[in-house]
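Shown next, in structure tokens, is the structure this report addresses.
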Protein chains: 2
Amino acid sequence: MSINDPEIPDIVIRRLPIYAQTLTYLTGEGVTTVSSSELGARIGVTAAQIRRDLSYFGEFGKQGKGYNVQFLLNQVRDILHLGHSWGVALVGVGLLGKAIVHYTGFKDKGFEIKALFDSDTRKLGGEEMGMTVNHFSKIPEIIPELGLNVAIVAVPAHSAQEVVDLLIKAGVKAILNYAPITVQVPADVRIRSLDPVAALQSMTYYLNPDPKARSRNGKHSK
Amino acid sequence: MSINDPEIPDIVIRRLPIYAQTLTYLTGEGVTTVSSSELGARIGVTAAQIRRDLSYFGEFGKQGKGYNVQFLLNQVRDILHLGHSWGVALVGVGLLGKAIVHYTGFKDKGFEIKALFDSDTRKLGGEEMGMTVNHFSKIPEIIPELGLNVAIVAVPAHSAQEVVDLLIKAGVKAILNYAPITVQVPADVRIRSLDPVAALQSMTYYLNPDPKARSRNGKHSK
DNA sequence: GGGTGTGAATGAGTTCACAGCT
DNA sequence: AGCTGTGAACTCATTCACACCC
């Protein structure tokens, strides 16, 4: 029941990292015990949802008491396989790619970038954080060699599908995509896309389209 | 019916930018007409979902024909209020913040960064792309002055809530949050968070926790 | 008393399937 | 013939509400 139960909804899986994150902050604050309603309030979901989500994986709480923060955090981390460091390939070493390589958050959380790829001949052979930049064509060789099955794609939209196809052929099973385009992957490969512009566009729907009018008549203060 | 219909599910709104993006690529390819099944195949959703989503806003297609790509794109852009440029405040000018300022994708898509804020005294008064870096304390003054109601938060987790509170008091109604923490906002404010680590963690659930074993016995090539 | 875990009820979102238009 | 727009059916997700336990 713990190994890859396909009946657990993906939407539940996507909430687990938020639970882990929040539990981590709670340990940092010295909180040892938390109830589903306290945790829910902190995350912005209902207590029932927290309890239902966790119930897919086991019984982690104590009636009348709540959850032991450290214990629950360990459990969630186990479920997500966060116990060891995952090696990651980064494709695309432009402005965004460089910011990603230098961001310490990945390594701190167990995702260590171990190989860099780009197609720009001016970048090839260059170094970032002690790693050589290899051409796309080296993907089929280097990725199996290093045993990587996680990749970050930070290339322009027009080469994203090509890059993703190469990665998948090389054995990658999880892809974080920064390119603003929908990429096709087979069912046994996971992909998540981060598109800041799409996120902004989905919020402007709710905004008054004429901000000048709003600021002029002072309606901006709620 | 076109102005802020609250019965339209947010999940539909969040798909519209993807439709707009895909329709934009289609115009670039010279495609003039598209059916719901073609568009769905491209995006990875069903034809029925496309038709249902669009039906919340009007009747944009022609039976037996499909949708005119340019017309549908214009309609979706109107719905999302993408017709003009939105002024944006950026809070946090660290590595990530700098990458954001220099990324041309925001301006190209109508989100123009017009003010920079940070709390680090070493950065204050400095410039990025011709804009001065102001202290957090200037938020209540500068944001209403420029009439901004969209903001990007790229500060460390520990100051995210404080910054968001300041922004909201200054009139911001839409926030793109890069800090890996859940931030509380009132119901009339929209917030979307981008957390690359959380995205990766939600995928490792599906992966074999021991990649060494996988690469050793060659199971990576499917 | 306080809080979990979970059947049952409800609500939300997706897909079916087809009438109707071109 | 081909494809939209949409009631109706269905599936999936959330919330209710309570037995049970600490």
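Throughout, a chain's letter reflects where its sequence line sits, starting with A, and its residues are numbered from 1.
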Check every strand shown and say whether B:Ser36 touches a base, only sugar-phosphate, or nothing at a heavy-atom separation below 4.0 Å. sugar-phosphate
Considering just the side-chain nitrogens and oxygens of A:Gln63, establish if one lies under 4.0 Å of OP1 or OP2 belonging to D:dC20. no
Rounded to whole Å, how long is the line connecting atom CD1 of B:Ile8 with atom P of C:dG13? 12 Å
In whole Å, what is the span from the CZ atom of A:Arg14 to the C1' atom of D:dA13? 12 Å
Respond yes when some side-chain nitrogen or oxygen of B:Arg15 is under 4.0 Å from OP1 or OP2 of C:dT14, and no when none is. yes
Worked check of salt bridge (charged side-chain N to carboxylate O under 4.0 Å, His left out) between A:Glu29 and A:Arg42: CA-CA 13 Å; A:Glu29 294 166 17; A:Arg42 182 110 172 195; 2.5 Å; yes
Qualifying residue, where the test is side-chain contact (heavy atoms from CB on, under 4.5 Å) with A:Val164 and the options are A:Ile181, A:Val172, A:Asn177, A:Val153: A:Val153
A side-chain contact here means heavy atoms from C-beta on lying under 4.5 Å apart; do B:Phe111 and B:Ile152 qualify? no
Length of the line joining A:Tyr56:OH and C:dT4:P, which is rounded to integer Å: 18 Å
Over how many whole Å does the gap from A:Arg52 atom CZ to D:dC16 atom P extend? 12 Å
Find the distance B:Phe60:CZ to D:dT4:C1' and express it as a whole number of Å. 13 Å
Give a yes-or-no answer on whether the side chains of B:Tyr205 and A:Asp10 include a donor-acceptor pair shorter than 3.5 Å. no
Taking CD from B:Gln49 and C1' from C:dC16, how many angstroms apart are they, rounded to a whole number? 14 Å
Does the A:Gln21 side chain pair with the main chain of B:Pro180, one donor and one acceptor, at a distance under 3.5 Å? yes
Assert: residue with more 5' nearest nucleotide on DNA chain D, out of B:Tyr67 and A:Ala48, is B:Tyr67
Verify the contact: side-chain N or O of A:Thr46 to OP1 or OP2 of D:dT14, cut-off strictly under 4.0 Å; return yes or no. no
Whole Å only: how far is the CG atom of A:Leu39 from the P atom of C:dG3? 13 Å
5' priority, DNA chain C, between B:Asp10 and B:Gly64 [closest heavy atom]: B:Asp10
Between A:Arg51 and B:Lys65, which is nearer to the 5' end of DNA chain D once each is assigned its nearest nucleotide? B:Lys65
Can you tell me how far C1' of D:dC20 sits from NZ of A:Lys62, to the nearest Å? 15 Å
